[in-house]
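Working notes, beginning with the structure itself.
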Amino acid sequence: MFTGIIEAVGTLTAMQRQGDDMTLTVHAPGLDFSDVKLGDSIATNGVCLTVVSLGDHSYSADLSLETLSRTRFAEAKVGDTVNLEKALLPTTRLGGHLVSGHVDGIGVVKSKSSSGRAIEYWIAAPEALARYITEKGSIAVDGISLTVNGVKGREFRLTIVPHTALETTIAQWKPGTRVNLEVDQIARYLERLMQGRAESGSTLTLEKLAQSGFL
């Protein structure tokens with residue numbers, strides 16, 4: 001699990017095809033590797049990857065065909081920068097929101113504009129994900145925990161403050177940029193719970209939601 005609070009920005013230094021799979025290497029001098037060991041998880045542009053080897057301020061990880069099909073790593077190239085976050089600990093401050101590192105799909109930046117010192121982006125989500133995105137809800141975009149400040153159809157608006165733009169890859173986004181999206185987990189589980197209730201003919205009340213732990 002992760003929080004969506006980016007710890008460092010790394011650079012892809014190698015991408016080696018292994019049949020349908022891929023092994024990538026990330027150089028990240030800004031990331032603290034003192035407590036990282038083989039088998040640990042590092043969110044890389046929002047994708048939970050398992051460390052399979054460690055180098056000098058770098059790590060390598062394997063990407064399965066499933067990961068390549070659901071994320072934009074299939075189109076990445078050596079030299080690209082990526083947002084990095086190590087897995088959270090029980091003592092970690094939850095400064096963002098709970099992020100699993102399991103990307104749901106790819107969004108596309110539609111527009112970029114200034115709003116005071118902030119930057120506003122409109123991003124189009126795949127139709128299948130749009131129903132999980134709500135105003136003032138949370139979403140992870142390229143691994144960054146962000147607040148949705150507006151929704152219009154399947155597009156949503158983000159307002160990025162200067163600090164976030166400086167500490168992540170956001171400043172590189174422009175119309176046409178493709179980004180990894182992970183919607184809020186609670187929305188997905190709540191939908192599945194409601195589907196199960198509907199299939200069984202049972203009604204879903206606020207009391208039952210509270211009993212289920214959602215409220």
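Position 1 is the first residue of the sequence; numbering continues from there.
- Taking a 6.0 Å sphere around CZ of Arg157, one finds it holds more than 12 heavy atoms contributed by other residues, nucleotides or ligands.
- A donor-acceptor contact shorter than 3.5 Å links the side chain of Glu85 to the backbone of Thr3.
- Counting only N and O atoms by type, the side chains of Gln172 and Thr177 include no donor and acceptor under 3.5 Å apart.
- Checking side-chain atoms of Glu120 against main-chain N and O of Ser113 turns up no donor-acceptor pair under 3.5 Å.
- The cluster map of Ile, Leu, Val, Met, Phe, Trp and Tyr, joined by side-chain heavy atoms under 4.5 Å apart, puts Ile170 and Ile133 in the same cluster.
- Ionic pairing of Lys110 and Glu155 is not present here: no N-O contact between side-chain nitrogen and carboxylate oxygen is shorter than 4.0 angstrom.
- Closest approach of His57 to His27, counting heavy atoms only: O-ND1, 3.3 Å.
- At a threshold of 4.5 Å between non-hydrogen side-chain atoms, the residues Tyr59 and Asp40 do not count as touching.
- Remark: side-chain polar atoms of Asn180 are paired, donor with acceptor, to backbone N or O of Asn45 under 3.5 angstrom.
- Rounding to the nearest 0.5 angstrom, the gap separating the CZ atom in Arg154 from the CD atom in Glu127 is 6.5 Å.
- When each of Asn149, Thr147, Thr164 is checked for a side-chain hydrogen bond (donor to acceptor under 3.5 Å, both in side chains) with Thr159, only Asn149 meets the rule.
- Side-chain contact between Ile6 and Glu167 is absent, with no heavy atoms from C-beta onward closer than 4.5 Å.
- Met1 CE to Leu98 CG: the interatomic distance, rounded to the nearest 0.5 Å, is 4.5 Å.
- Counted by atom type alone, Thr169 and Asn83 present one or more donor-acceptor pairs between their side chains at under 3.5 Å.
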Legend entry - Test side chain to side chain contact (heavy atoms under 4.5 Å, CB included) applied to Leu24 and Val26, step by step: CA-CA 7 Å; Leu24 61 76; Val26 180; 3.5 Å; yes
